[in-house]
Amino acid sequence: MKKNDLYMISGTEYKEMTKEILAQSDLWAEIKKKADQKQKNADQMLIGIKPNLVSPTEASYGATTHPEIVAGIIEYLQERSCQHIVMLESSWVGDKTSESMEVCGYDRLVEKYNVPFWDMQLDESSEVDCAGMKLQICSSVRKLDFLINVPVLKGHCQTKITCALKNMKGLIPNKEKRHFHKLGLHKPIAHLNVGIHQDFILVDNICGDLDFEDGGNPFIMNRLFAGLDPVLIDAYVCAELHYKPEDVPYVKMAEELGVGSADLTRLSIRQIGEIGEKRVIPEKRKIVELQDAVEEVESCSACYGYLIPALDRLKEEGLLPELREKICIGQGYRGKSGALGVGSCTSGFACNLKGCPPTDEQMYEFLKQYIATRRKTEAEK
C-alpha cells in the first residue's frame with residue numbers, strides 16, 4: 001500500500017467489509033514491514049486499536065466507532081496468529097470511558113476475543129516533546145509496536161471536522177484535553193500527531209453525524225476507507241464535507257510539521273467492489289448557523305458539544321430568535337461576570353447553568369426556561 005492510496009468499500013455487512021478492505025489493502029504487509037524495522041516477528045508485535053468512544057452512545061447515533069469494525073480488525077489479526085492485541089481509548093471530559101465501552105459494545109469484544117481494553121482515563125502520562133511543543137501523552141501508547149486508528153468521519157462544533165488526526169486526542173489525559181482547548185485546539189492537535197504515529201487508519205464512514213461530534217443526526221453512508229497518511233485522509237474528509245484543508249487549520253499545520261501530505265492531487269482512490277448508492281452530502285452545516293448564538297472562549301469539546309444540539313432543538317421549536325443574549329461558555333470566563341452562561345466556568349454570571357459539563361438536555365431546559373422567564377417579564381411590563 002502506498003502513502004497516497006485510499007482503499008474504499010461500501011455495504012452493510014460491516015465486519016466482513018472490514019476484513020475485506022484489510023485484505024485488499026494488505027494491512028499484514030504493513031505490520032510485517034514495521035516488525036522488520038523493530039527486529040521482531042510480526043505475530044509478536046503489540047498492536048493497538050484506537051476507536052472513537054467519545055461518549056456513551058451507540059454507533060448508530062453517529063458519534064462512535066462501530067464495534068463490528070473493530071471485531072473485523074481483531075479477527076483479521078487473530079487469523080494471522082497475532083497474539084498481542086489491545087484496544088485503547090478515553091472518552092471526552094465529563095464522561096467515563098468505562099461507561100462508553102459498555103454502551104458501545106466493547107465489553108463484549110473483550111469477552112469474545114479475549115482482547116483487553118485499556119482505559120486511558122486511568123493511565124499514567126508522561127511529557128513528550130512533539131516538534132517543539134511539550135504535551136502529556138498516555139504512557140501506555142509508548143508500549144505499542146503498531147497503532148491502528150479507527151476514527152469516525154463526522155463534524156465537530158469547534159474544528160468543523162474530526163477524523164484521523166483529532167482522534168489521537170483520546171490518547172492524552174483529561175487534564176491535557178482541557179489544556180488543548182486553552183491552546184486553541186488546532187496547534188496542539190497538529191503537534192500531537194508528531195508525538196503519536198499512526199501506522200494504519202480505517203475510517204468508519206457508516207453513519208457519522210456531519211454536524212455534531214456527539215451524534216444525534218446520523219448521515220448514512222455505509223462506507224469504510226483505509227489509508228496510511230492521516231493528513232491526506234483528513235484533507236479528503238474536508239473535501240467531502242465541502243471544506244478546504246485551510247478551513248481546518250490543524251490539517252495544514254500537521255502537513256507543515258511533516259506528519260503527512262494534504263495534496264489531494266496525489267490521492268489515489270481504489271474502490272473495492274461496487275460503489276453503492278452514495279448520498280450527496282449537503283454543503284450547509286447546522287453548526288455554522290447555531291454558532292452565532294454563542295460566545296466561546298477555550299471551552300471543552302463536551303461542554304460546547306452539548307450546547308450546540310440544545311440550540312438546535314430550540315431552533316426547531318422556533319425559540320432560538322428569542323434568545324437575544326449571547327451564551328457564554330468556556331474556561332476563558334472563569335472568575336468573570338456576565339449575563340448568560342452555561343457550565344461551571346461561567347458560575348459568576350447573573351444567569352448560569354452549573355455543571356462540568358451540564359448535559360444537552362439540561363442546557364435545553366435551562367435555556368427554554370430562560371426564554372419563558374423573559375417572555376413573562378416582558379408581558380408584565
With side chains defined as the heavy atoms from C-beta onward, is the minimum distance between [X] and [Y] less than 4.5 Å?
X	Y	value
H181	Q331	yes
F117	L109	no
I308	D211	no

task: For E283 and H242, indicate whether the former's side chain and the latter's backbone hold a donor-acceptor pair under 3.5 Å.
output: no
May I ask you to decide if V231's main-chain N or O and D234's side chain share a donor-acceptor pair within less than 3.5 Å?
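Here the side-chain-to-backbone pair does not exist.
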Check: Are F225 and Y236 near enough that their ring centres are under 6.0 Å apart?
Finding: yes
#### Entry: Closest non-hydrogen atom pair between Q271 and E274, with its separation
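Minimum heavy-atom contact is NE2-O, 3.4 Å.
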Quick one about [Y] and [X] (side-chain donor to acceptor, distance below 3.5 Å, no hydrogens or angles considered), yes or no?
X	Y	result
K175	S125	no
S98	E102	no
N4	S268	no
Y364	E317	yes
D263	S261	no
E75	Y113	yes
T12	N222	no

I want to check a possible cation-pi pair here: K33 against W28, using under 6.0 Å from ring centre and within 45° of the ring axis as the test.
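So K33 doesn't make the cation-pi contact.
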The complete set of salt bridge (Lys or Arg N to Asp or Glu O under 4.0 Å) pairs with one or both residues in residues 191-210, sequence neighbours excluded, reads K34-D199
Path from [X] to [Y] over hydrophobic side-chain contacts below 4.5 Å:
X	Y	result
L192	V237	yes
I74	V150	yes
I233	I272	no
V110	I49	yes
Y14	V152	no

Neighbour count >12 (heavy atoms, 6.0 Å) for atom [atom1], [X]:
X	atom1	result
I269	CD1	yes
Q83	CD	yes
L264	CG	yes
K96	NZ	no
E246	CD	yes
K3	NZ	yes
E79	CD	yes

Would you please name every residue forming a ring-ring contact (aromatic ring centres under 6.0 Å, His included) with Y250, sequence neighbours left out?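 Result, ring-ring contact (aromatic ring centres under 6.0 Å, His included) vs Y250: H186.
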Exactly one of I327, L353, L323 clears side-chain contact (heavy atoms from CB on, under 4.5 Å) with Y370, and that residue is L323
Only residue of L171, L144, V128, L165 satisfying side-chain contact (heavy atoms from CB on, under 4.5 Å) with I196 is L171
- Query: Yes or no on side chain to side chain contact (heavy atoms under 4.5 Å, CB included) for Q121 and S91, after CA distance, side-chain angles and deciding distance?
  - Reply: CA-CA 8 Å; Q121 286 183 337; S91 297; 4.3 Å; yes
Give the intermediate values and the outcome of side chain to side chain contact (heavy atoms under 4.5 Å, CB included) for residues F146 and L77. CA-CA 12 Å; F146 194 95; L77 295 172; over 6 Å; no
| task | Apply the test side-chain hydrogen bond (donor to acceptor under 3.5 Å, both in side chains) to residues R223 and N205: give CA-CA distance (whole Å), side-chain angles for both, the deciding distance (0.1 Å), then the verdict. | result | CA-CA 5 Å; R223 186 173 68 167; N205 187 201; 2.7 Å; yes
Taken to the nearest 0.5 Å, the spacing of C238 SG from Y243 OH works out to 9.0 Å
Taken in chain and number order and not counting sequence neighbours, the residues that satisfy side chain to side chain donor-acceptor pair (under 3.5 Å) with Q24 are E20
